[in-house]
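The figures here come from the full heavy-atom set of this structure, side chains too, leaving out hydrogens, waters and symmetry mates.
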Amino acid sequence: MVAPNFHSHLAQVEVCEVQYNIRVLKMKDSVLFYIGQDKAETFDEMAVAMPNANNGTEVLGTTIIGPPDGSGAQDLAQRLAKRLKKQVYLSLGSSVPNDRIVRPSIEKKIFDDIKNNIECF
């Protein structure tokens, strides 16, 4: 039996009475994260990051869709790529505010999920 090429995973986190979905698509050598508000999912911004093959501690990243300064998607993609040691695509919906409460809560959920369910990433 051949193993599937894609595995999906869904995590949810509630912050300030708003539900956010964290959708993960695990592929052979990369992972796609989509983060958006439940019932208001939009694909507005995307960043990609990958470990540098020549330097194990450096991670390269760029914004593919959206403004170059972005909303923090590139930074989060780079941190995830460093942690997972693989290429990461990350999309943040416009419904995800870049503030001191929501964004850190979502990021904590992602990193906790990686720690507890590494097979999904």
Side-chain angles (χ1 to χ4, degrees):
M1 183 171 173
V2 177
N5 292 325
F6 298 97
H7 296 278
S8 63
H9 175 69
L10 172 65
Q12 296 180 313
V13 61
E14 186 173 315
V15 184
C16 300
E17 299 181 16
V18 176
Q19 186 82 20
Y20 294 93
N21 292 332
I22 303 163
R23 298 184 182 277
V24 179
L25 182 61
K26 177 184 175 184
M27 298 169 270
K28 181 181 177 194
D29 296 319
S30 61
V31 179
L32 169 70
F33 287 85
Y34 170 79
I35 303 165
Q37 196 176 98
D38 189 35
K39 310 262 191 282
E41 295 183 356
T42 58
F43 200 86
D44 300 312
E45 181 180 344
M46 177 172 260
V48 63
M50 65 199 79
N52 183 346
N54 299 324
N55 179 344
T57 60
E58 185 179 340
V59 176
L60 308 171
T62 190
T63 299
I64 299 172
I65 300 171
D69 55 348
S71 65
Q74 182 179 330
D75 178 57
L76 179 54
Q78 287 177 285
R79 286 187 283 130
L80 288 165
K82 186 172 186 171
R83 171 72 188 261
L84 296 170
K85 295 179 178 39
K86 60 173 73 173
Q87 187 169 12
V88 170
Y89 298 91
L90 182 108
S91 176
L92 285 171
S94 61
S95 62
V96 181
N98 191 7
D99 65 16
R100 295 181 302 153
I101 297 171
V102 174
R103 193 62 60 85
S105 298
I106 290 171
E107 291 179 19
K108 181 180 181 330
K109 174 63 175 173
I110 292 170
F111 283 98
D112 285 349
D113 224 27
I114 289 171
K115 183 177 169 184
N116 297 322
N117 302 297
I118 190 65
E119 70 281 356
C120 297
F121 302 90

With side chains defined as the heavy atoms from C-beta onward, is the minimum distance between I22 and D113 less than 4.5 Å? no

What distance separates M50 CE from Q78 CD, expressed to the nearest 0.5 Å? 10.0 Å

Do I101 and C16 have side chains that approach each other closer than 4.5 Å (heavy atoms only, starting at C-beta)? yes

Pairwise distance NE2(H7) to NZ(K28) - rounded to 0.5 angstrom: 12.5 Å

V59 and A49 have their tightest heavy-atom pair at CG1-CB, 4.1 Å

List the atom of S105, the atom of V13, and the distance in Å for their closest heavy-atom pair. O-CG2, 4.3 Å

Salt bridge R79-D75, side-chain N to carboxylate O under 4.0 Å: yes

Under the 3.5 angstrom rule, does the side chain of K26 hit a backbone N or O of H9 as a donor-acceptor pair? no

Evaluate R23 against L10 for side-chain contact (heavy atoms from CB on, under 4.5 Å), listing each step before the verdict. CA-CA 5 Å; R23 298 184 182 277; L10 172 65; 3.8 Å; yes

Would a hydrophobic clustering, with Ile, Leu, Val, Met, Phe, Trp and Tyr connected at side-chain separations under 4.5 Å, put M27 with I64? yes

Which value, rounded to the nearest 0.5 Å, describes the distance between L76 atom CG and L92 atom CG? 6.5 Å

Is Y89 close to L25 at the side-chain level, that is, under 4.5 Å between some pair of heavy atoms? no

Following the transitive rule for hydrophobic clusters with a side-chain heavy-atom cut-off under 4.5 Å over Ile, Leu, Val, Met, Phe, Trp and Tyr, establish whether I106 and F111 coincide in one cluster. yes

Could you walk me through whether L84 and I118 satisfy the side-chain contact (heavy atoms from CB on, under 4.5 Å) test, starting with their C-alpha distance in whole Å, then the side-chain angles of each, then the deciding distance to 0.1 Å, before giving a yes or no? CA-CA 9 Å; L84 296 170; I118 190 65; 4.0 Å; yes

Give the minimum heavy-atom separation between G61 and Q74, together with the two atoms involved. O-NE2, 3.1 Å

Taking a hydrophobic cluster as the set of Ile, Leu, Val, Met, Phe, Trp and Tyr residues connected by side-chain heavy atoms closer than 4.5 Å, whether directly or through intermediates, do F33 and I65 fall within one such cluster? no

So does T42 get a backbone contact from the side chain of Y34, meaning a donor-acceptor N/O pair under 3.5 Å? yes

Are the side chains of L80 and F121 in touch, meaning some heavy atoms are under 4.5 Å apart? no

Does T62 reach the side chain of V48, with side-chain heavy atoms less than 4.5 Å apart? yes

Is the side chain of R103 donor-acceptor paired with the backbone N or O of V96 at a distance under 3.5 Å, no angle test? yes

Consider only side-chain N and O atoms of N21 and E41, and report whether a donor and an acceptor are under 3.5 Å apart. yes

Does V24 share a hydrophobic cluster with I35, counting links as ILVMFWY side-chain heavy atoms below 4.5 Å and allowing steps through other members? yes

If we ignore hydrogens and angles and just use 3.5 Å, is the side chain of Q87 paired with the main-chain N or O of S30 as donor and acceptor? no

In Å and rounded to the nearest 0.5 Å, what is the CD to CG distance from E119 to N117? 5.0 Å

Evaluate the side-chain proximity of V102 to Y20: yes if any heavy-atom separation is below 4.5 Å, no if none is. yes

Considering all heavy atoms, the nearest A73-L90 contact: O-CD2, 3.3 Å

What's the shortest heavy-atom distance between V31 and K86, and which atoms? CG2-CD, 3.4 Å

What residue among N116, I110, D112 forms side-chain contact (heavy atoms from CB on, under 4.5 Å) with I114? I110

Heavy-atom donor-acceptor pair, D38 side chain to Q19 backbone, under 3.5 Å: no

Within the structure provided, determine whether R83 and K115 are in side-chain contact (heavy-atom separation under 4.5 Å). yes

